[in-house]
Amino acid sequence: MANLILILGDQLTPDISALDDADKQHDRIVMAEVHDEASYTNHHKKKLVLLFSAMRHFAKQLEEDGWQVHYQRYHPDNEHRSLEAVVAAQAKDLKPERIITTECGEWRLHAQISEWHKELDLPVEIRPDTRFIATKQDFQDWAEGRKQLRMEYFYREMRRKTGLLMDPDGKPEGGEWNYDADNRRKWTGKPAAPATFRVEPDDTTQEVIDLVNEHFTDHFGTTDDFHFAVTAEDANQALAHFIDYALPCFGDFQDAMSDHEDWLFHAILSPYINSGLLDPLAVCEAATQAWYAGRAPINAVEGFVRQILGWREFVRGIYWMNMPGYAEENRLGNTRSLPWFYWTGDTKMRCMHKAIDSTRRNAYAHHIQRLMVTGNFALLAGIKPEEICDWYLGVYADAYDWVELPNVLGMVMHADGGYLGSKPYAASGKYIQRQSDHCANCHYNVNKSTEEDACPFNALYWHFIDRHRDDFAKNPRMGMMYRNWDKQKPEKKEALLNRANKLLDQIEQL
Ligand code: FAD
Ligand code: DLZ
């Protein structure tokens, strides 16, 4: 008897576990562009184009490979507006023995699919997602009994497990596990950043661009200048482009920001890795091969591998071990609403304007912009975690709940009480000045802290430190901040807090 195999929009690989042992002659694959998935958050228009076009290309490839595929294209008048409705209709038609799918990456949808067997009166087999390098069980086994979960120790385990950047004696290549200290150079324009990898839209992508422009007008961002890869073949070209042109400088300038360059030396591979067009282990192996071949230095290759083998796997483990309660956390008790300029980029703070504008145009901002600019501001201003999480989930082409939520709620907002990170990444304008050239072009003065034109990050930083004394004063990694704060004269402290309160009162005008 036949099976119905559901492949989701971020599972675009023939190696997906739902296809293991499948029968091309009898089984039917279902893929569907549906209203409910396209609308549960304010997905950036470019993310919609990327996913729908990549889904269409992948379905075509499956058909060419001899699979039977039922594919629903998006239309606002579609009768079936949810994945469940599409699957139910197909099940009625095919009368399969069971439904097979690979576990999805979001608790929201996972909870729904886990109930389908009742609604559809059919067995629903949910298979593990073997695209991750650690299984959920591996992560739980590692985490069990540990008081604190620290990415660095998990990452070392993953290096040992995979052998990536390990020498034959089981020691880390180059002698160190982590070259983080060599990842912090400011970029002053030299060496020139490489040209971005571009794929011009083909007919399928152009059709989807037209569809998104017609039916998703109120979604964030623009489809203009869409140039993402939408096939595995092109995503592999993007990987090769990164290894050849950007990886050699990735390490040095990993934490740099620029007023003039959106992409710098970053990989721009997360949208492809997360949707299945690239395999994370193969990406790491391609980078390590560049080091063994002498084409990229160790601080670049280790820094890059750490992000995928370490951070990416770590946040996924945290997510599944702690959902659904994790999404509700707000341990710093934040109550402020997200300022409207997160949606428009209309702010005089140059770094914020640049990060949000790049996000609007590209559905992309690199890690330091997300962490130390838009994230840092939300942390200092005490924005409600659920509002800032919704923003991050909507605006990036690589955003899925499993990876966005721990990064935002845990790493940025410290709303989980330090479960994911040992200290908040709070920073004043000095950090942004050190890592970028934004401050030189800003309306505000980064060297001032209490005056009308002073950089808002400065007073907000001290306000954050002051108002969270009970949360952080005993944290050994925060001790110096509290000693510095306590050393300031009372009148200076008062001026800083007054300035911060005024900024918070007028937050929409910043
Ligand atoms: P590079 O800087 O070139 O890094 C290489 C790869 O490492 C990335 O492609 C990605 O797969 C992985 N990676 C790097 N950092 C992380 C991390 N912290 N967590 C998981 N993977 C990582 N990444 C997402 O994929 N989706 C998200 O929704 C997302 N939201 C984020 C929100 C915040 C507030 C922060 C601080 C980080 C977030 N990240 C997210 C992680 C990171 O910013 C992006 O993966 C990265 O910017 C993607 O661009 P890139 O491919 O050029 O990455
Ligand atoms: C993100 C997304 C969007 C925008 N649209 C679809 C869709 O129409 N059909 C689909 O199968 N998946 C879509 N996705 C991805 C899911 O919403 C969800 O985020 C992932 O499958 C979680 O792993």
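Just follow the structure's listing: the first ligand is 1, and inside any ligand the first atom is 1. Everything quoted here is computed from the prediction, not taken from an experiment. Values below: all heavy atoms of this structure, side chains included; hydrogens, waters and symmetry mates excluded.
When M151, E404, R370 are checked for heavy-atom proximity to atom 40 (C) of ligand 1, R370 turns out nearest. Which of F314, W263, Y364, Y272 comes nearest to atom 52 (O) of ligand 1 through a heavy atom is settled by distance: it is Y364. Compare N407, V412, L269 by their heavy atoms: the one nearest to atom 32 (C) of ligand 1 is in N407.
In this structure, Y319 has its ring center no closer than 6.0 Å to that of Y400. Between F304 and W291, the gap from one ring centroid to the other reaches at least 6.0 Å. Checked against the 6.0 Å centroid threshold, W311 and H367 do not count as a close aromatic pair.
By the 4.0 Å heavy-atom criterion, R108 is counted among the residues contacting ligand 2. By the 4.0 Å heavy-atom criterion, Q11 is excluded from the residues contacting ligand 2. Y396 does not count as a contact of ligand 1, since none of its heavy atoms falls under 4.0 Å from the ligand. Ligand 2 lies less than 4.0 angstrom from a heavy atom belonging to Y40.
Tested against W187 for a side-chain contact (heavy atoms from CB on, under 4.5 Å), the candidates H260, M257, E261 yield a single pass: E261.
In this structure, atom 14 (C) of ligand 1 lies nearest to the protein heavy atom Q307 CB, 3.3 Å. The nearest protein atom to atom 8 (O) of ligand 2, hydrogens excluded, is given as V34 N, 3.0 Å; this is a heavy-atom distance. When only non-hydrogen protein atoms are considered, atom 5 (N) of ligand 2 lies nearest to E37 CB, 3.6 Å. Shortest contact from atom 1 (C) of ligand 2 to any protein heavy atom: L51 CD1, 3.4 Å. Scanning the protein for heavy atoms near atom 18 (C) of ligand 2, the closest one is E106 OE1, 3.9 Å. A32 O, 2.7 Å is the protein heavy atom nearest to atom 9 (N) of ligand 2. H266 ND1, 2.8 Å is the protein heavy atom nearest to atom 2 (O) of ligand 1.
By the criterion of a heavy-atom distance under 4.0 Å, the side chain of F250, and not its backbone, is placed next to ligand 1. Neither the backbone nor the side chain of M31 comes within 4.0 Å of ligand 2, counting heavy atoms alone. For M411, every heavy-atom contact with ligand 1 shorter than 4.0 Å involves the side chain, none the backbone. Of the heavy atoms in T374, none comes closer than 4.0 Å to ligand 1. Heavy atoms of W402 found under 4.0 angstrom from ligand 2: none, in either backbone or side chain. Under 4.0 angstrom from ligand 2, there are no non-hydrogen atoms of D401.
Inclusion of F52 in the set of residues having an N or O under 3.5 Å from an N or O of ligand 2 is not warranted. For D10, a nitrogen or oxygen atom sits less than 3.5 Å from a nitrogen or oxygen atom of ligand 2, counting backbone and side chain alike. Polar contact with ligand 2: present for G9 (N/O pair, distance under 3.5 Å). Of the polar atoms of H43, none of the N or O atoms is found under 3.5 Å from an N or O of ligand 2, judged by distance alone.
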Q | Check against salt bridge (charged side-chain N to carboxylate O under 4.0 Å, His left out), R295 and D244 | A | CA-CA 8 Å; R295 292 167 53 217; D244 286 347; 2.5 Å; yes

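Below 30°, between 30° and 60°, or above 60°: for F377 and Y342 the angle between ring planes is between 30° and 60°, a tilted geometry.
Atoms of ligand 1 found under 4.0 Å from any heavy atom of A267, numbered from 1 in the order shown, are 3 (O), 52 (O). The I268 neighbourhood of ligand 1 comprises atoms 50 (P), 51 (O), 52 (O), with distances under 4.0 Å to a heavy atom of that residue.
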